[in-house]
Amino acid sequence: MKTALLIPVYNEEEVLPFLWQDTQAVLQKLPQETFEYIFVNDGSTDGTLAQLKLLAQEHSNVKVISLSRNFGKEAALSAGLAEGAKADAVIILDADLQDPPELIVPFLEKFREGFDVVYGQRTDRQKDSFLKRVTARCFYKFYNALAARPLPENAGDCRLLSRRAAQAVLRLPERERFMKGLFNWVGFRTAGVPFARQKRKAGKTKWNYWQLWNFALEGLSASSTLPLRLWTYCGFLVSGFAFVYALWVAAKKILYGNPVSGYASLMVAILFFSGVQLISLGVIGEYLGRVFTEVKQRPLYLIDEKINCEP
Ligand code: UDP
Ligand code: MG
């Protein structure tokens, strides 16, 4: 049985030596297994690629797929899965050792028990910053309230996929790839393995909060059309309210005549409803933008070079 370790890397030169050391230590404990590494270099601008090339020269089981530029982690994972789906199972790890390589052992155990998807569940996020924990929690709560298929809370990309699960993910053609949503969508027998999220071993995170916010929006709009439908309900509610108000205004006119007043209520109504309309247009725009990206049908990523991969 062959297991592929899929690791996306973007400017990780500082952490690569640690990663190699720690994963090797775990693999040595599993001598009966065959492993290969699939590093996806996501357009690094530092010494990452040079280091990967050295590793690939020394070890024939180190495959490197180097993308033509930085396409983002989701695209890098897709590129790696295309290669990894040839193995019996693929295990996705972050390069920075936040997902401890020791997870490989329980992942493979679960796989043997017949699970197709085994995800790492971050039960302990004490090492993440407070803001990150709170925003992550809010995201999962909100997402699960909207999406048709709720995500397991605090499960990241770190997981094992059987070959058929990996192939299923590859069959999903969308350009906007919210991988956690896609992994979740394919189904199959799924198990979680709890672990404590570690601190980044070296180097810096590639995400700031603005990017995370956009990522969250992408994830939501990719997995639910509820935000669009909400405006229908909102419209009904407002129309109902407007009808009642109209009756009241008419009754007042009939009973008391028409002293010219109502400037304030008029202004409030105009401002309120223009706001509501702009927001709803914005939501439609969000989805329209996604439709635009999808219809362009651009490839998800471009490969610059492949090392140690079969042609
Ligand atoms: N990564 C990537 N492309 C990117 C950003 C990140 O391949 O554009 C990789 C990065 O090298 C790491 C993983 O994705 O292996 C997770 O990134 P990071 O640790 O910065 O994210 P965080 O753990 O802070 O969410
Ligand atoms: Mg990280």
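Just follow the structure's listing: the first ligand is 1, and inside any ligand the first atom is 1.
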Contacting atoms of ligand 1, where contact means under 4.0 angstrom from a heavy atom of Lys132: 24 (O), 25 (O)

Closest heavy-atom pair and its distance - Tyr287, Thr225: OH-CA, 3.8 Å

Contact atoms of ligand 1, heavy-atom distance to Asn70 under 4.0 Å: 3 (N), 4 (C), 8 (O)

Protein heavy-atom partner closest to atom 17 (O) of ligand 1 - residue, atom, separation in Å: Trp207 NE1, 4.0 Å

Any side-chain donor near an acceptor of the partner, Tyr10 and Thr48, under 3.5 Å: no

Protein contact to atom 1 (N) of ligand 1 [nearest heavy atom, distance to 0.1 Å]: Tyr10 CB, 3.9 Å

Any donor-acceptor pair under 3.5 Å from Glu12 side chain to Ala95 backbone: no

N/O/S from Asp94 sitting under 2.8 Å away from the Mg ion (ligand 2): no

Shortest protein heavy-atom distance from atom 24 (O) of ligand 1, along with the residue and atom involved: Thr205 OG1, 2.6 Å

Closest candidate by heavy atom, reference atom 23 (O) of ligand 1, pool Gln198, Gln98, Gln211, Glu74: Gln98

Ligand 1 atoms in contact with Asp96 (distance to a heavy atom under 4.0 Å): 19 (O), 23 (O)

Those atoms of ligand 1 less than 4.0 Å from some heavy atom in Arg200: 18 (P), 19 (O), 20 (O)

Between Arg197 and Gln98: side-chain donor-acceptor atoms closer than 3.5 Å: yes

Residues Tyr119 and Thr190: side-chain donor-acceptor under 3.5 angstrom: no

Ligand-side contact atoms (ligand 1) for residue partner Arg197, heavy atom cut-off under 4.0 Å: 23 (O)

Contact atoms of ligand 1, heavy-atom distance to Pro8 under 4.0 Å: 7 (O), 9 (C), 10 (C), 11 (O), 12 (C), 15 (O)

Verdict with supporting geometry, Asp157 and Lys73, salt bridge (Lys or Arg N to Asp or Glu O under 4.0 Å): CA-CA 10 Å; Asp157 291 323; Lys73 184 182 178 187; 3.1 Å; yes

Parallel, tilted or perpendicular: rings of Tyr245 and Phe241 (30°, 60°): parallel

Arg290 side, atom CZ; Leu217 side, atom CG - distance, nearest 0.5 Å: 6.5 Å

Ligand 1 versus Lys73: contacting region, heavy-atom distance under 4.0 Å: both

Main-chain N/O of Leu49 paired to Asn41 side chain as donor or acceptor, under 3.5 Å: no

Contact atoms of ligand 1, heavy-atom distance to Asp94 under 4.0 Å: 13 (C), 15 (O), 16 (C), 23 (O)

Nearest-contact summary for atom 10 (C) of ligand 1 - protein heavy atom, Å: Glu12 OE2, 3.1 Å

Aromatic Phe71 / basic Arg69 pairing, under 6.0 angstrom, 45° off normal: yes

Ala79 to Ile65 - nearest heavy-atom pair and separation: O-CD1, 3.9 Å

Heavy-atom nearest neighbour in the protein, as seen from atom 6 (C) of ligand 1, with distance rounded to 0.1 Å: Lys206 CG, 3.7 Å

Angular separation of OD2 (Asp96) and OE1 (Gln98) seen from the Mg ion (ligand 2), to 10°: 100°

Asp42: numbered ligand 1 atoms lying under 4.0 Å from its heavy atoms: 2 (C), 3 (N), 4 (C), 7 (O), 8 (O)

